[in-house]
Amino acid sequence: MIEFGPEGLPQRGPPCRVPCEETVSLVIAAHRRPRPLFCLLASLICQTHERWEALVVHSGAGDDVRRVVATIGDPRIQYHEVPRQEGDWGAHCRTHGFGLARGDWIGTTNDDNYYAPVYFTWMVSAAKAANAAFVYCNMVHSITNWSAFNTSLRRGYIDAGGWLCKGDIVKRTPWPPPCFSSDGEYAERLVAAAGQVAKVDGYLFVHN
């Protein structure tokens, strides 16, 4: 049986399944990168929290990406296509996926990132322990020689892939105008709408 520490988070140890009724939807903005997407989806299949769905939303036609999803064959992973929009940095993929998501919690990421196996478990546990509607974590950035970042809620310090928010808040919070900085701006909007925020100090998200 898994043990929980004083902050309500599972203790470090071998991955194990943790019963939880909360569901998580992860919207993946994808465009022509089947190999890193496979790694991302593999990190989801390894999650200790099993009640999740992944919506792979591809910008334009993506036969290679579609084949990756079909090859994995996990019914929790869905593939969708939306018309290609140049220069919007995946915002149209995210908003399309948010509209389809069914989870109690919703998050998003790009197709070249991945997660520690305890990501969903620790994030949902921390949020519930703090009665928070928005939760985020620290991250590792491979582009900067695998630097570890102590993430904060300042713009530019929290990545789109390192947070979860209550689904109803995500669905009623509009995405800012599509631009390079819109991921951070959207996180700020969610934090303002959520009120209570929790943080997991673990480095659970790998940004590529």
Side-chain angles (χ1 to χ4, degrees), residues 15-18 20 22-124 137 139-144 146 159-165 167 170-171 175 178-180 182-183 186-187 203-208:
C16 59
R17 303 303 174 190
V18 180
C20 182
E22 303 274 335
T23 56
V24 180
S25 296
L26 186 68
V27 176
I28 301 167
H31 181 62
R32 297 182 179 175
R33 292 189 285 196
R35 290 185 178 181
L37 175 67
F38 182 88
C39 296
L40 166 58
L41 296 180
S43 77
L44 299 184
I45 291 173
C46 292
Q47 292 294 309
T48 59
H49 180 92
E50 294 184 290
R51 293 176 61 84
W52 57 265
E53 65 173 1
L55 297 94
V56 179
V57 184
H58 195 276
S59 180
D63 291 342
D64 289 345
V65 170
R66 184 197 300 271
R67 280 194 289 270
V68 168
V69 174
T71 298
I72 292 176
D74 191 309
R76 295 172 295 184
I77 304 172
Q78 309 166 27
Y79 176 83
H80 303 272
E81 287 183 4
V82 293
R84 177 70 176 156
Q85 296 183 23
E86 297 294 339
D88 75 348
W89 301 91
H92 66 305
C93 295
R94 302 193 204 283
T95 54
H96 181 84
F98 291 162
L100 299 173
R102 299 170 295 177
D104 300 308
W105 296 87
I106 297 177
T108 185
T109 189
N110 294 332
D111 54 7
D112 59 342
N113 306 317
Y114 55 96
Y115 297 92
V118 294
Y119 177 76
F120 289 153
T121 299
W122 284 31
M123 295 283 274
V124 172
C137 67
M139 72 175 181
V140 175
H141 207 311
S142 67
I143 296 176
T144 54
W146 296 97
D159 187 82
W163 56 259
L164 293 177
C165 186
V170 173
K171 287 180 177 291
W175 196 275
C179 62
F180 183 77
S182 63
D183 287 350
Y186 188 66
Y203 296 85
L204 306 182
F205 171 62
V206 179
H207 183 287
N208 285 302

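Numbering of residues begins at 1 and proceeds along the displayed sequence. For the numbers below, each heavy atom of this structure counts, side chains included, while hydrogens, waters and symmetry mates do not.
Every pair tested for side-chain hydrogen bond (donor to acceptor under 3.5 Å, both in side chains) that includes a residue from residues 35-45 fails, sequence neighbours excluded, so the list is empty.
Every residue two or more places apart in sequence or in another chain was checked for a side chain to side chain donor-acceptor pair (under 3.5 Å) with Arg51, and none qualifies. Annotation: side chain to side chain donor-acceptor pair (under 3.5 Å) contacts of Ser59 (sequence neighbours excluded): Arg84, His92. In this view, His80 satisfies the ring-ring contact (aromatic ring centres under 6.0 Å, His included) rule with no residue, not counting sequence neighbours. Applying the ring-ring contact (aromatic ring centres under 6.0 Å, His included) test to Tyr79 and every residue at least two apart in sequence or in another chain returns nothing. Residues satisfying the side chain to side chain donor-acceptor pair (under 3.5 Å) criterion with Glu22, sequence neighbours excluded, are Trp105.
A distance of 5.0 Å separates CG in Asn113 from NE2 in His207, rounded to the nearest 0.5 Å. We find the CD1-NZ distance between Ile106 and Lys171 to be 5.0 Å, quoted to the nearest 0.5 Å. The line from OG1 of Thr71 to CZ of Arg66 is 12.0 Å long, rounded to the nearest 0.5 Å. To the nearest 0.5 angstrom, Asp112 atom CG is 8.5 Å from Leu40 atom CG. Trp163 CH2 to Thr108 OG1: the interatomic distance, rounded to the nearest 0.5 Å, is 6.5 Å. Note: Thr109 OG1 to Leu44 CG = 9.0 Å, rounded to the nearest 0.5 Å.
Counting only distance, with no hydrogens or angles, the side chain of Thr121 and the backbone of His49 share a donor-acceptor pair below 3.5 Å. When atom types are taken as modelled, the side chain of Glu81 and the backbone of Gly62 share a donor-acceptor pair closer than 3.5 angstrom. No donor-acceptor pair closer than 3.5 Å links the side chain of Gln85 to the backbone N or O of Gly60. A donor-acceptor pair under 3.5 Å links the side-chain atoms of Asp74 to the main chain of Arg76, judged by distance alone. Side-chain N or O atoms of Asp111 include none that pairs as donor or acceptor with a backbone N or O of Ile28 at under 3.5 Å.
Taking every heavy atom of both residues into account, Ser25 and Leu55 meet most closely at CB-CD1, 4.3 Å. Across all their heavy atoms, Phe205 and Cys137 have their closest contact at CB-SG, 4.0 Å. Between Phe120 and Val24 the shortest heavy-atom distance is CE2-CG1, 3.6 Å. A pairwise comparison of heavy atoms in Gly103 and Glu53 identifies N-OE2, 4.0 Å as the closest pair. The minimum heavy-atom distance linking Val170 with Cys165 is given by the pair CG2-CB, 3.7 Å.
Remark: of the listed residues Val65, Leu26, Val27, Val65 is the sole one forming a side-chain contact (heavy atoms from CB on, under 4.5 Å) with Val56.
Ring-plane geometry between Tyr186 and Trp175 is classed as parallel, the angle between the planes falling under 30 degrees on a 0 to 90 degree scale with a further cut at 60. Aromatic ring orientation, Tyr119 versus Tyr115: tilted (interplanar angle from 30° to 60°).
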Using the rule given for side chain to side chain contact (heavy atoms under 4.5 Å, CB included), can you reason through Leu41 versus Leu37, listing the C-alpha separation, both sets of side-chain angles and the distance that settles it, and then say yes or no? CA-CA 6 Å; Leu41 296 180; Leu37 175 67; 4.0 Å; yes

Decide side chain to side chain contact (heavy atoms under 4.5 Å, CB included) for Ile72 and Phe38; before the verdict, give the C-alpha distance in whole Å, the side-chain angles of both, and the deciding distance to 0.1 Å. CA-CA 8 Å; Ile72 292 176; Phe38 182 88; 4.0 Å; yes

